[in-house]
Structures are given as structure tokens and as C-alpha cells.
Number of protein chains: 2
Amino acid sequence: MEGLRDRTRRAVRAELAGRALELFAERGFDETTVDDIARAAGMSKRSFFRYFPTKEDVVFGEIETMGEQVAQEIAARPPQEEPWQCLHAVLRGWESRINAQADAMRLVESTPALRTRLLQKRDEARTRIIQALADRGMPPLEADLAAAAAGAALDAVAREWLRTGGSIDRLTLVDRAFTMLRPAFLG
Amino acid sequence: MEGLRDRTRRAVRAELAGRALELFAERGFDETTVDDIARAAGMSKRSFFRYFPTKEDVVFGEIETMGEQVAQEIAARPPQEEPWQCLHAVLRGWESRINAQADAMRLVESTPALRTRLLQKRDEARTRIIQALADRGMPPLEADLAAAAAGAALDAVAREWLRTGGSIDRLTLVDRAFTMLRPAFLG
DNA sequence: GCCATCTGTGGCACTCGGTGTCATATTTGG
DNA sequence: CCAAATATGACACCGAGTGCCACAGATGGC
């Protein structure tokens with residue numbers, strides 16, 4: 001079970017993240033120092049780094065373990081399901097979750113340092129996904145291509161959604177992108 | 001024409017890059033300070049930053065303006081050529097150029113900070129490529145997908161090449177990956 | 001209630017990447 | 001030969017991140 005220890009730790013992390021996002025929204029990411037955040041949450045800079053490894057990470061709360069989670073969800077799917085179909089189904093769920101924190105994503109997109117960190121996270125996630133697909137028996141080269149293409153699909157959807165001013169349902173766009181790429185992964 | 005000014009500047013950059021790579025090979029990237037590099041090239045840390053914006057950039061000499069160059073090469077292709085075919089042709093050429101500095105790439109792959117910087121560069125390049133494809137009349141969503149898929153192809157090829165221990169010709173792998181993805185971009 | 005222990009914390013000093021400033025060579029052009 | 005542009009070095013400075021240590025508070029056994 002989850003002990004008191006972990007619960008307070010999660011609470012402090014949430015407090016820090018909350019204060020940080022407030023300050024970022026007010027002054028911007030670069031204009032806010034770690035010391036500012038720590039003081040706003042009533043602690044020292046040194047303690048901040050006991051909860052988050054870097055200043056950037058304070059923004060990526062839930063997305064943090066995305067790679068691991070996606071890999072598990074892939075592994076949990078029926079084994080005979082087509083790999084591309086499987087990816088489609090799993091990432092469809094994630095689209096909603098990412099969509100839920102649109103404001104955080106806007107901040108990320110407008111801040112080079114955060115954008116970079118996001119690229120890193122995605123790269124890690126992609127690596128895990130490749131492994132998960134390989135575990136289902138997909139040949140390595142195809143697994144690489146499929147994982148990257150799927151990531152590209154989500155990315156393209158996000159941009160297309162911005163381009164159209166949010167007038168189209170994101171899940172519809174996801175389905176369209178995956179369908180478009182489907183012919184490449186039929187066997 | 002190219003004045004003396006630019007030539008000496010290029011020479012100093014080359015000198016710095018050379019010394020830096022030596023030191024990185026000896027001690028590793030993180031264990032080498034910018035001051036070490038500057039001193040090895042007979043100058044001050046302050047001057048180093050007059051030639052390279054960051055410590056990482058000293059490694060990416062020729063790749064630096066990749067995005068811009070690729071975009072231009074795309075624009076220079078016959079206008080009626082199929083977009084995917086066009087991408088294939090252009091990036092086929094780049095594969096050779098990247099392949100030529102395999103040792104630098106090995107350093108990059110084994111150094112998180114450099115790997116991150118590479119991800120950034122690729123992201124910039126992708127943005128330019130999307131624009132170049134859009135200029136040819138490709139619909140935005142498809143251009144996004146195509147650019148990302150093409151990048152994925154080169155990436156997948158690099159990894160597959162490592163997996164097979166370099167026994168297969170890289171250009172062959174590139175062709176295979178592009179052919180595999182081709183059905184997704186036919187119309 | 002007492003003591004040993006473990007964990008969280010603050011403070012401090014330190015490293016290193018990166019920037020602004022200024023004073024001083026060095027080069028360039030007339 | 002002189003004046004303006006440019007390159008450089010030295011210095012101070014900032015902020016992210018780390019190692020260290022001393023101290024507080026909670027925990028648990030006796």
C-alpha cells in the first residue's frame with residue numbers, strides 16, 4: 001500500500017508544481033529562478049532539487065512516466081492484435097490525457113528549454129515503445145518506424161489542431177492520421 | 001567573395017572543434033570544461049563563446065545548417081515530382097554525409113547532452129522540411145506526417161545498421177525504409 | 001519515558017555554462 | 001600615419017545543479 005511517506009512527498013511535489021506554474025505564467029520560465037519557486041513553496045532551493053531533478057521537470061508531472069506506462073498498455077493488449085492497430089488504440093487514450101493539460105503544453109511550446117525537455121521525454125518513450133513492439137514479435141526495423149510514425153502522428157495532430165483553430169475533434173484527427181499511415185504497416 | 005575575415009574565423013572554429021574532439025575522446029564530454037578547450041586552442045573561455053554559442057555546438061560543425069540546406073534542396077527538385085519521392089532522393093544524399101562522420105555520431109549517441117542537442121537540431125530541420133513540402137502544395141497534415149516519417153526512417157536505419165553490426169549497406173536500408181513507408185503517401 | 005536511528009531540511013561552498021562590460025591590442029581602410 | 005572597426009582577455013556576475021554537514025523531527029524498540 002501507499003505509506004504516509006509517499007503521500008506527503010506527492011503533496012509537496014504538487015505544491016511545488018503549482019507554485020512554479022503560477023510564477024511561470026506571471027513572469028515566464030526563464031525569468032523565474034529555482035530559488036523563487038522554492039521560496040514560494042516555503043522551502044529552500046536545495047530541497048527543491050530533492051523533489052525534482054531539474055527546473056524543467058516541474059512542468060512534466062504526469063507525463064513523466066509516459067514511456068513506461070504506454071509500454072505496459074501495449075503489452076496488455078491481446079497478443080494477436082495487429083501492431084499498428086494496437087498502437088492506435090493505446091495512443092488514442094493518451095491523446096485525451098495530454099489534451100487535458102493544454103495550458104501546460106502551451107507553456108512548453110513557447111519555451112525553448114521546455115520544448116527541448118519534451119523532445120527528450122518523447123525520445124525515451126519511443127525507445128520503450130519500440131521494445132514493447134519488438135516483444136510482440138514485430139521486426140526491429142518496422143518497430144522503429146512504427147513507433148516513430150505513431151509519435152509523428154500525435155505531433156502532426158497537435159499542430160493541425162492549432163492550425164484549424166481547434167475546430168476539429170482531436171480524436172478524429174488522430175484516427176485520420178493513423179489511418180493514413182496504416183498501409184505502411186500491413187505485413 | 002569570401003574575405004580574409006571569414007577565412008580566419010572558419011580556421012579558428014576548425015581549430016577549436018579539433019581540439020575539443022580530441023579532449024572529448026580522451027576524457028569524455030562532461031569531464032572537459034569549456035575552459036579546457038579554449039586553453040588547448042590558445043584562447044580564453046570568453047573567446048570560445050564568440051565562435052560557438054554553446055559547448056555542445058562545437059561537435060555539430062557541418063550538420064549545423066542542415067535544415068536550411070535540406071529545405072533548399074527540396075525546393076530545387078522538379079516541381080511535379082511526388083513529395084515522398086522527393087524526400088527520398090534528398091535525404092538519400094544526406095545519409096552519405098552523416099555517415100561520413102560516424103565517429104562524431106558515436107560520441108553524440110553516448111553523450112546525453114549531445115543527444116539532446118541532436119534532437120533539437122532534427123526538430124528544427126523537420127520544421128523547415130514541412131515548410132518546403134507545403135510550398136510544393138502538399139496538405140499540411142500530410143506534410144507533417146511525411147517529414148516526421150522521413151526523419152524516423154533515417155533514425156531507424158541508423159539503429160538497424162548498429163544492430164546488424166554494419167554488415168548491410170546503409171543506402172540499401174534507407175531505400176528499404178522509404179519503400180516501406182511509401183504506400184502511406186500516395187494520394 | 002528514553003534512547004538510537006532514519007529521514008527531511010537548510011545553509012554553505014563549490015563547479016561550470018553562459019553573459020555583460022570594459023580596457024586594450026590588432027587589423028583595416030583611407 | 002591616423003582613425004575606426006574588430007578581436008581579445010580579464011573580470012564580475014548570474015543561475016542551475018551538487019556535495020557536505022549539522023540539526024530537527026518522526027519512528028520504533030526497550
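The structure presented is a predicted model; accordingly, all values stated were derived computationally and were not measured. The sequence lines fix the lettering, A, B, ..., with proteins before strands; numbering per chain opens at 1.
A salt bridge links B/Glu160 with B/Arg163; the closest basic N to acidic carboxylate O contact falls under 4.0 Å.
With sequence neighbours left out, the side chain to side chain contact (heavy atoms under 4.5 Å, CB included) criterion links A/Ala153 to A/Ala177, A/Phe178, A/Leu181, B/Leu145. Applying the salt bridge (Lys or Arg N to Asp or Glu O under 4.0 Å) criterion to A/Arg13, with sequence neighbours excluded, gives A/Glu64. Partners of A/Val12 according to the side chain to side chain contact (heavy atoms under 4.5 Å, CB included) rule, which considers only residues two or more places apart in sequence or in another chain, are A/Leu16, A/Met43, A/Tyr51. By the side chain to side chain contact (heavy atoms under 4.5 Å, CB included) test, A/Leu162 is found to be paired with no residue, residues two or more places apart in sequence or in another chain being considered.
Applying a 4.0 Å cut-off to non-hydrogen atoms, the residues of residues 30-49 of chain B that approach DNA chain C are B/Thr32, B/Thr33, B/Val34, B/Lys45, B/Arg46, B/Phe49, listed by residue number.
Extent of DNA chain C lying under 4.0 Å from chain A heavy atoms, first and last nucleotide in 5' to 3' order, is C/dT7 to C/dC12.
Within the structure, every pair that satisfies the side-chain hydrogen bond (donor to acceptor under 3.5 Å, both in side chains) test and touches residues 130-148 of chain B, not counting sequence neighbours, is listed here: A/Arg159-B/Asp144, B/Gln131-B/Asp135. Listed by first and then second residue, the salt bridge (charged side-chain N to carboxylate O under 4.0 Å, His left out) pairs involving residues 36-46 of chain A are A/Arg27-A/Asp36, A/Asp35-A/Arg39 (not counting sequence neighbours). Applying the salt bridge (charged side-chain N to carboxylate O under 4.0 Å, His left out) test to every pair with at least one member in residues 175-187 of chain B, sequence neighbours left out, gives these pairs: B/Arg92-B/Asp175.
Of the two residues contacting DNA chain C, namely B/Pro53 and A/Arg50, the nearest-nucleotide position lying further toward the 5' end is that of A/Arg50.
Using a 4.0 Å heavy-atom distance criterion, B/Phe52 is classed as making no nucleic acid contact.
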